[in-house]
Amino acid sequence: MSCRVKHLDKETGVIYVYESVSLWDKEKQQPRSKQVCIGKISTGGKQTFMAAWMEKILEDDFLCYDITSISSYSELNEYIRFSHNRDLEK
């Protein structure tokens, strides 16, 4: 089984991403994992924006909600329900 693992370098603040594979050690009769570094996470403009935005939200104490609606004519999707058509679509 494999998964991706993130490790923070406390000295530099860089987050590295590793591909981790679980293995069985036949000699020691114990599970082991092998990790290979596949890169690091770029804390560029998006991260800087999100950090500043979160600070602003915490200062003013307000929330934003996305109330996007999606219309569907499906009768097989259990998550679709009849409701008010606020977009006045046909």
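For clarity, every value in this text was computed on a predicted model and none was experimentally measured.
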Check: Y18 and I38 side chains under 4.5 Å, non-hydrogen atoms: no
Neighbour count >12 (heavy atoms, 6.0 Å) for atom CZ, R4: no
hydrophobic_cluster_shared for V36 and V5, side chain cutoff 4.5 Å: no
Pairwise distance CG(L23) to CD(Q30) - rounded to 0.5 angstrom: 13.0 Å
Side-chain heavy-atom pair I41, K6 within 4.5 angstrom cut-off: yes
Sub-4.5 Å side-chain heavy-atom contact between R32 and W24: no
Close side-chain approach of S2 to E19, heavy-atom, < 4.5 Å: yes
